Number of protein chains: 2
Amino acid sequence: MIETTNRVDEMSQFLKLLSDGTRLEILRRLHVREHCVCDFVEMFDISQPAVSRHLKLLRQSQIILERRERQWIYFRLNPDHPQHDLLLTILTSMEPLPVPAPKSC
Amino acid sequence: MIETTNRVDEMSQFLKLLSDGTRLEILRRLHVREHCVCDFVEMFDISQPAVSRHLKLLRQSQIILERRERQWIYFRLNPDHPQHDLLLTILTSMEPLPVPAPKSC
DNA sequence: TCTTTATATAACGATTGTATTATATAACGT
DNA sequence: ACGTTATATAATACAATCGTTATATAAAGA
């Protein structure tokens, strides 16, 4: 019996992070532009702590980066993530986002 | 609040199937050649029913196809699956498999 | 027909993932 | 200093996932 190699483990871990609809939608939006937490809170029908937790998972794995500006924390994709190219392939293989929404908070 | 679109749901469902190390390793092997269930049973350190269950999930989603030959059931990748190209991109973005193992059962 | 081999299904338990509510922290504006 | 807004964390509940063992089915061979 083989033990699953690190390479496979890394990939499956990465894909697990993308395998949640909310996180995938978050990443899709971040592919377009930076967003703050509150953008996502009003975008999804889940609580603010739930959004915060999703963002934490993505941030901990370095898929996204954050910067604070005044009272907001803005997130963006991390172009230096080892799987960044694959992420873009996945994101662009979905339908493009409907409409560029104007910023609100 | 937006509801996550079908497209995102489909993709996240697909990625969920790939986000398990055992299933990813199975797909990696099927990318090389057909395998029967018993190949995987001796390959992994999990029970035969566990292997069978992973294969069922992949088959139900049409990612893999099966054919019966005598007492064996052989699985292969489904080249007509909507996400087949993406699957190949993911598989080839991992390290290639070490050694072509000889068939055993 | 009986045994063996290959595979699938059922029942169940442990672990993990994702939501909620309540509460804490940090920055801003008055 | 205080209230408001933006975000994070803790505690908890529930659902999904993945393993196991026990058992069923299907084909092969004696």
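The structure presented is a predicted model; accordingly, all values stated were derived computationally and were not measured. Numbers restart at 1 for each chain; the letters A, B, ... are given by sequence-line order, proteins then strands.
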Please state how far atom [atom1] in [X] lies from atom [atom2] in [N], giving the value in whole angstrom units.
X       : N      : atom1 : atom2 : answer
A:His35 : D:dA6  : NE2   : P     : 16 Å
A:Arg70 : D:dT7  : CZ    : P     : 13 Å
A:Leu17 : C:dG17 : CG    : C1'   : 12 Å
B:Glu69 : D:dA27 : CD    : P     : 14 Å
B:Trp72 : D:dA28 : CH2   : C1'   : 9 Å
A:Gln60 : C:dG17 : CD    : C1'   : 14 Å
A:Lys16 : C:dT18 : NZ    : C1'   : 14 Å
A:Leu15 : C:dG17 : CG    : P     : 14 Å

(message) Within residues 46-58 of chain A, which residues have any heavy atom lying less than 4.0 Å from an atom of DNA chain D?
(response)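 DNA chain D contact set from residues 46-58 of chain A: A:Gln48, A:Pro49, A:Ser52, A:Lys56.
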Does the [X] side chain pair with the main chain of [Y], one donor and one acceptor, at a distance under 3.5 Å?
X       : Y       : result
A:Arg23 : A:Leu17 : yes
A:Asn78 : A:Ile63 : no
A:His81 : A:Ser61 : yes
B:Arg28 : B:Glu95 : yes

(request) Write down the atom of A:Ser93, the atom of B:Leu86, and the distance for their closest heavy-atom approach. (result)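 Here A:Ser93 and B:Leu86 meet closest at OG-CD2, 4.0 Å.
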(message) Let me spell it out: for each of A:Asp20 and B:Arg68, pick the nucleotide of DNA chain C with the closest heavy atom. Which residue's pick is nearer the 5' end?
(response)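 This one resolves to B:Arg68.
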(request) For the residue pair B:Glu25 and B:Leu97, establish whether any side-chain heavy-atom pair is separated by less than 4.5 Å. (result)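 With C-beta onward as the side chain, the pair touches.
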(message) Is the distance between the ring centroids of A:Tyr74 and A:His35 under 6.0 Å?
(response)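 No, the ring centres sit 6.0 Å or more apart.
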(request) Verify whether the ring centers belonging to B:Phe44 and B:His54 lie closer than 6.0 Å. (result)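 Ring centres of B:His54 and B:Phe44 not closer than 6.0 Å.
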(message) With each end axis built from five pairs of C1' atoms, what bend angle do you get for the helix from C:dT1-D:dA30 to C:dT30-D:dA1? Round to 10°.
(response)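 Here the helix ends are tilted 10° relative to one another.
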(message) Taking the minimum atom-to-atom distance to the side chain of B:Gln71, which one of C:dG29, D:dT7, C:dA6 wins?
(response)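 The answer is C:dA6.
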(message) The criterion is ring-ring contact (aromatic ring centres under 6.0 Å, His included); which residues satisfy it with A:His84, sequence neighbours excluded?
(response)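 Residues passing ring-ring contact (aromatic ring centres under 6.0 Å, His included) with A:His84: none at all.
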